[in-house]
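Data block below; observations after.
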Amino acid sequence: MTTERAWLSAYPAGVPADIDPTAYASLVALMDESFKKYGGRTAYSFMGKDITFGQTDSLSQAFGAYLQSLGLAKGDRVALMMPNCPQYPVAVAAVLRAGYVVVNVNPLYTPRELEHQLKDSGSKAIVIIENFASTLQQCIAATPVKHVVLVAMGDMLGLIKGSIVNYVVRNVKKMVPAYSLPNAVRFNDAVARGTKLSLKRPDVKPDDVALLQYTGGTTGVSKGAVLLHRNVIANLLQSEAWNEPAMAKVPANEQPTAVCALPLYHIFAFTVNMMLGMRMGGKTILIPNPRDLPAVLKELSKHTFHSFPAVNTLFNGLANHPDFNTVNWSNLKVSLGGGMAVQGAVAKLWLEKTGCPICEGYGLSETSPSASCNPVTAKEYTGTIGVPIPGTWMKLLDDDGVEVTDGPGEIAIKGPQVMAGYWQRPDETAKVMTPDGYFKTGDVGIMDARGFFKIVDRKKDMVLVSGFNVYPNEVEEVVAGLEGVMECAVVGVADEKTGEAVKLVIVKKDPALTEAQVRDFCRTNLTGYKQPKVVEFRAEMPKTPVGKILRRELRDKK
C-alpha cells in the first residue's frame with residue numbers, strides 16, 4: 001500500500017512528489033550561491049544588530065582559513081558549543097567550507113556528557129562560548145581536542161555595544177564562571193589572523209560527512225547520526241518545497257523572515273532555520289535563550305516575521321504569556337511544530353491568538369530531521385504528524401519487520417534525508433536500518449486511508465497496565481484539555497497489582513485546580529486502566545534545553 005504513496009493526493013497544489021537531491025554538490029556550493037546572490041541582505045538579526053550574507057561570507061572565509069592554518073586534515077571534526085548567536089552560522093560555514101565536519105554540541109552539557117561527545121566524535125578543535133569554558137576545562141585533558149576558540153556573546157556586535165554586552169554578561173549577570181584554558185584563542189583574534197590567509201577550497205562531495213548530530217542522550221548513550229552533505233541538502237529542499245504554498249503569500253517587498261528560537265545545535269533549527277534561510281536568502285532572528293519568554297517577546301515585537309518553527313512547550317508558554325499581544329503576529333504564514341507532540345489545546349489557543357494554525361511535522365536527528373508534515377494550507381490542527389514530505393516513503397512494521405497495513409506499527413522512513421548510519425557504531429546502525437533502506441524510528445504509529453500518520457507512542461514510553469497498552473500521548477492529550485492545566489506528562493511507575501501504573505504530573509495554570517477535579521475529568525474521559533493511579537503537581541517540568549519533557553526524571557522521582 002505504501003509503495004503507491006497514497007498521501008500524494010493530500011499534497012497542496014504545486015508541491016512536487018519528489019525533489020532533486022543532486023541540485024547541489026555540497027552545502028558549500030549552496031552557501032557559495034547564496035552569498036553571491038544575497039550578499040547585501042540581512043542574514044541574521046541578533047540583539048539589535050544585523051549581519052548580512054556578505055559579512056557572513058567574508059567572516060567565514062577568514063575563520064575557515066584560520067582553522068586550516070591549525071593543520072587540520074579534510075574530514076576532521078570541529079565541535080561547536082554555543083547558544084544562538086551569529087558566530088554560530090559563521091563557524092558552521094567556516095567548518096564546512098574548510099572541508100571539515102560540524103559536531104553540534106549542547107551548550108548545557110555537563111563535563112561528563114561533553115567528554116563523551118568530544119571523545120566519541122574525535123573532535124580536534126572546539127568553538128565554545130566562554131560561559132561554558134569551565135565545563136570544557138574540567139574534561140579537555142581526556143579528549144582529543146587540541147585547539148580551542150573562545151566566543152563571547154558580544155563578539156559581533158561592534159566595539160562599543162559588544163564591550164557593553166560582554167561586560168554585563170561577565171560582571172553584572174556573572175554568567176561566565178572562572179576557567180583556565182591557557183592556549184585558547186579568541187574568536188575575533190582567530191578571524192583577524194584568518195583575514196591574512198587565504199581559504200584553500202577542498203573538493204567537497206555529496207557523500208562527504210557534513211555533520212555529526214548526537215542523539216539518544218535521553219534514552220541511553222549518545223550516538224552521532226552521520227549526516228552527509230546530500231542528506232541536509234535534500235531535507236532543506238524538501239522543507240522549502242513543502243512550505244512554499246504558505247511562503248508564497250509573503251509580500252514581494254518583504255524579505256522572508258524566520259524566528260530561530262530553537263537552538264542551532266538541534267537539527268530542527270540547523271536545517272529548517274539556518275540552512276533553509278541560507279538557501280532562500282531569508283532573515284533569521286536569532287533568539288539566544290528561548291526560556292526567557294519576556295525577552296523573546298520583546299525581541300519579536302521589533303520584527304516582521306513569517307515563519308516560526310517551535311516545540312509545543314514554547315508555543316504554549318508564549319500563548320499564555322501576558323506580553324503576547326505586544327507582538328504583531330499578523331504576518332505569520334507558517335507555524336511549524338516539531339520535536340515533540342503538539343497538544344490540541346495548545347494548537348487551539350495558538351490559532352485563536354495568531355490566526356495561523358500550528359502545522360505539526362515529524363522527524364528525527366537521523367532524518368536531517370523532517371520526514372512528514374501536515375499541509376501548510378491546513379486551516380486547523382489535525383492531531384496527526386501529517387504525510388511524508390516530497391521524496392519520502394514511510395511504512396509501519398511489526399516486531400518481525402513485516403509491514404502492517406492495519407493497526408499500530410513501528411514507523412519506518414526511507415528517503416534522501418536518511419542518515420548514513422551512526423558514527424563508528426555499525427552494530428547500532430544495523431539495529432535501526434532495514435535491508436531495503438528504511439530507518440526504524442522506535443515510534444509507534446498508525447496510518448489512515450489518506451496516508452496521514454499519527455504517533456500513538458514511542459516503543460519505550462508505553463505503559464503496560466495489567467497487559468493493556470497505555471500510550472502516554474493519549475492521556476496527556478486528554479488532560480491538556482482540562483481548564484487549569486498548563487502542562488502535563490505521563491509515565492509508567494511500578495505497581496504490585498498491575499505491573500505498571502499510570503503516573504500523571506501536572507503544572508497548574510490555575511492554582512485552584514485540585515487532584516479531585518483531575519481524577520473526575522480522567523474518569524469521564526479515559527477508560528479504567530488508562531486513568532492515573534498517581535497524580536502529582538509540580539512547579540515546572542524537567543526538560544531538555546530544546547523543551548522536550550524528560551519523562552525519565554519524572555519516572556525516577558516517585
Side-chain angles (χ1 to χ4, degrees), residues 67 70-83 88 91-92 94-96 98-129 132-149 181 184 207-229 231-232 263-271 364-369 418-433 439-442 460 544-546 548 550 552:
L67 292 173
L70 302 175
L72 301 176
K74 182 173 185 252
D76 275 350
R77 275 77 59 206
V78 178
L80 306 181
M81 188 170 171
M82 294 168 269
Y88 208 129
V92 168
V95 170
L96 296 176
Y100 309 133
V101 175
V102 169
V103 180
N104 286 315
V105 183
N106 178 342
L108 299 181
Y109 266 169
T110 61
R112 184 191 62 79
E113 292 163 323
L114 178 58
E115 180 184 328
H116 165 75
Q117 190 165 328
L118 294 175
K119 276 161 77 170
D120 189 78
S121 62
S123 294
K124 291 186 181 169
I126 184 169
V127 184
I128 182 171
I129 195 155
F132 306 109
S134 65
T135 307
L136 178 63
Q137 181 195 336
Q138 292 169 64
C139 69
I140 190 167
T143 74
V145 171
K146 296 283 177 282
H147 309 283
V148 179
V149 176
L181 292 166
D207 280 334
D208 285 343
V209 181
L211 61 148
L212 297 184
Q213 191 66 34
Y214 277 75
T215 179
T218 54
T219 51
V221 68
S222 192
K223 305 178 288 285
V226 177
L227 300 180
L228 310 176
H229 279 262
N231 296 142
V232 182
L264 284 168
Y265 70 80
H266 189 268
I267 190 64
F268 191 19
F270 188 94
T271 303
L364 307 97
S365 296
E366 292 90 341
T367 57
S368 305
V418 174
M419 67 170 183
Y422 291 118
W423 179 249
Q424 298 178 334
R425 302 263 170 108
D427 50 334
E428 293 288 337
T429 304
K431 284 182 199 166
V432 297
M433 296 305 297
F439 165 69
K440 295 191 288 187
T441 63
K460 44 177 114 27
T544 68
V546 184
K548 274 190 194 176
L550 284 165
R552 185 187 65 222

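Residue indices begin at 1 and follow the sequence shown.
Considering every non-hydrogen atom in both Ala225 and Ser365, the closest pair reads CB-O, 4.2 Å. In terms of heavy atoms, Gln213 sits closest to Ile267 at NE2-N, 3.5 Å. Smallest separation of non-hydrogen atoms from Lys119 and Thr143: CG-CA, 4.0 Å. For Pro545 against Asn106, the heavy-atom pair with the smallest separation is CG-ND2, 3.2 Å. For the pair Gln138 and Pro111, the tightest heavy-atom approach, listed with the atom from each and the gap, is OE1-CG, 3.4 Å.
Legend: residues meeting side-chain contact (heavy atoms from CB on, under 4.5 Å) with Leu70, ordered by chain and number and at least two apart, are Tyr66, Leu67, Leu72, His147. Applying the salt bridge (Lys or Arg N to Asp or Glu O under 4.0 Å) rule to Lys440 yields no partners; only residues at least two apart in sequence or on another chain are considered. Remark: Gln137 engages Tyr179, Ser180, Leu181 in a side-chain contact (heavy atoms from CB on, under 4.5 Å) (not counting sequence neighbours). Lys146 meets the salt bridge (Lys or Arg N to Asp or Glu O under 4.0 Å) test with no other residue; sequence neighbours excluded. By the salt bridge (Lys or Arg N to Asp or Glu O under 4.0 Å) test, Lys548 is found to be paired with no residue, residues two or more places apart in sequence or in another chain being considered. Remark: Ser134 pairs with no residue by the side-chain hydrogen bond (donor to acceptor under 3.5 Å, both in side chains) rule, at least two apart or across chains. Scored by the side-chain contact (heavy atoms from CB on, under 4.5 Å) test, Ala79 finds Val103, Val105, Leu118, Ser123, Ile126 as partners (sequence neighbours excluded). Residues passing the side-chain hydrogen bond (donor to acceptor under 3.5 Å, both in side chains) test with Tyr100: none are found, sequence neighbours excluded. Asp120 is linked by a side-chain hydrogen bond (donor to acceptor under 3.5 Å, both in side chains) to Tyr214, Arg425, counting only residues two or more places apart in sequence or in another chain. By the side-chain hydrogen bond (donor to acceptor under 3.5 Å, both in side chains) test, Thr429 pairs with no residue at all, sequence neighbours left out. Looking at residues two or more places apart in sequence or on another chain, you find a side-chain contact (heavy atoms from CB on, under 4.5 Å) between Val546 and Leu262, Pro263, Tyr265, His266, Val311, Thr544.
Atom OG1 of residue Thr135 and atom CE of residue Met81 lie 5.0 Å apart, to the nearest 0.5 angstrom. How far CG of Leu114 is from CD1 of Ile128: 6.5 Å, rounded to the nearest 0.5 Å. Ser222 contributes atom OG, which lies 5.5 Å from atom CD of Gln117 (distance to the nearest 0.5 angstrom). Atom CG of Asn231 is separated from atom CG of Asp207 by 8.5 Å, given to the nearest 0.5 angstrom. Between Gln424 atom CD and Ser121 atom OG the span is 9.0 Å, to the nearest 0.5 Å.
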Show your reasoning for whether side-chain contact (heavy atoms from CB on, under 4.5 Å) applies to Tyr88 and Asn104. CA-CA 10 Å; Tyr88 208 129; Asn104 286 315; 2.8 Å; yes

What do the steps show when you test Thr215 against Leu364 for side-chain contact (heavy atoms from CB on, under 4.5 Å), and what is the final call? CA-CA 9 Å; Thr215 179; Leu364 307 97; over 6 Å; no

Yes or no on side-chain contact (heavy atoms from CB on, under 4.5 Å) for Met419 and Val432, after CA distance, side-chain angles and deciding distance? CA-CA 11 Å; Met419 67 170 183; Val432 297; 4.1 Å; yes

Check the pair Leu227, Thr271 against side-chain contact (heavy atoms from CB on, under 4.5 Å), reporting the backbone distance first and the verdict last. CA-CA 11 Å; Leu227 300 180; Thr271 303; over 6 Å; no

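Taking the side chain as every heavy atom from C-beta outward, Leu264 and Leu80 never approach each other to under 4.5 Å.
With hydrogens and angles ignored, the 3.5 Å screen pairs no side-chain donor or acceptor of Glu366 with any backbone N or O of Tyr422.
A salt bridge is absent between Arg112 and Glu115: the closest approach of a Lys/Arg side-chain nitrogen to an acidic carboxylate oxygen does not fall below 4.0 angstrom.
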